Participant: 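This is the structure I want to talk about, given as structure tokens.
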Amino acid sequence: MNRKIASLVVGAAVAGGAMTALAQQATAPADVKIETTNLAPGIYMLTGRGGNIGLTVGADGAAIIDDQFADMVPKIRAAVALLSEKPVKFVINTHLHGDHTGGNDAFGAAGAVIIAQDNVRKRLSMDTVNGNNQPVPARAAVALPVVTFADSATLHFNGDDLEFTHLPNAHTETDIVVRFRKANVLHMGDCFTGSFPFVDGKNGGTLDGYIEAQQTVLGMIDDNTRIIRGHGPLGNKAELQAYHDMLVVVRDRIARLVKAGKTQDQVVAARPTKEYEEKYGGENFNAANWIGSAYVDQKTALEKRRKK
Ligand SMILES: [Zn+2]
């Protein structure tokens, strides 16, 4: 039935003159359209700039999973308003990254209750660094989750049960998967994307945990499950399985080389990602960087196992 449909374009019309100035900013929000895809009655995926958003609307109001960047909030609100007269009551964060939590300040200030795993609140409350070692200052109090949990929680909303499950030390140490139990829809945050994963070791992520997270989720779903990825197109079980299997092959290759005492340069030269790069590499894939990070990750994992 009416599955892949509605492309509700909410982008503001930009007058010709303004366009020239905006075109100079690569991320000018006025250029970005929110696209809305219906996944099940009252459940949608919104894409725009930043992480994909999950949305539920119904008798209880509206709730969103992730909220992209601060400058996207007006467009997110407009997209929600096309489907619900009620404001956003709950914001669920799949993890701490700014392209998924940037709208927290505005939604929090407007009275939305922000829900996330304990470590999201912990890490957003302090000054940290990102994957490139650039400082990320602590967020304002209004942007912090006010309901947090360690392992799991359930939100009973719009006639469904939204089950939140912590996926430890995966993309970060803050990740959850959100499952609409009745509708059979999932939001996996950045524990499933369209390309080789970013494993954010500075925020507690590990490649082994990332693979385990995917195994956990594969055990929850069936062939009809619709999966919102953190980035990239809507996914399904077969695609998640293929992505997981690819990661296991690549991880095992790297782990063997690390165990054999190879250096980072040697592991990069062995090109353990080779036959997958066309499918999962994407435009900006830098094999030396990705394999280098995975090498450091697997070396750390091996040292931890040896200490035990
Ligand atoms: Zn992320």
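Residue indices begin at 1 and follow the sequence shown. Note that the structure is predicted; figures quoted are calculated from it, not measured. Numbering of ligands and ligand atoms starts at 1, following listing order.
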Participant: Can you list everything that forms a ring pair (Phe, Tyr, Trp, His ring centres under 6.0 Å) with Y295? Sequence neighbours excluded, please.
Facilitator: none

Participant: Using a cut-off of 2.8 Å, how many protein N, O or S atoms sit around the Zn ion (ligand 1)?
Facilitator: 4

Participant: Count the heavy atoms of every other residue, nucleotide or ligand shown that sit under 6.0 Å from NZ of K299, and state whether that count exceeds 12.
Facilitator: no

Participant: Between H100 and H171, does the ring centre distance come in under 6.0 Å?
Facilitator: no

Participant: Ignoring hydrogens and angles, write down the donor-acceptor pairs under 3.5 Å from the side chains of residues 281-292, residues two or more places apart or on other chains.
Facilitator:
| residue | atom | partner | partner atom | Å |
| --- | --- | --- | --- | --- |
| N286 | OD1 | A288 | N | 3.1 |
| N286 | OD1 | N289 | N | 3.0 |
| W290 | NE1 | P197 | O | 2.7 |

Participant: Partners of H166 by ring pair (Phe, Tyr, Trp, His ring centres under 6.0 Å), sequence neighbours excluded?
Facilitator: none

Participant: Kindly indicate, with the supporting measurements, whether the criterion side-chain hydrogen bond (donor to acceptor under 3.5 Å, both in side chains) is fulfilled by T225 and N184.
Facilitator: CA-CA 5 Å; T225 308; N184 200 12; 2.8 Å; yes

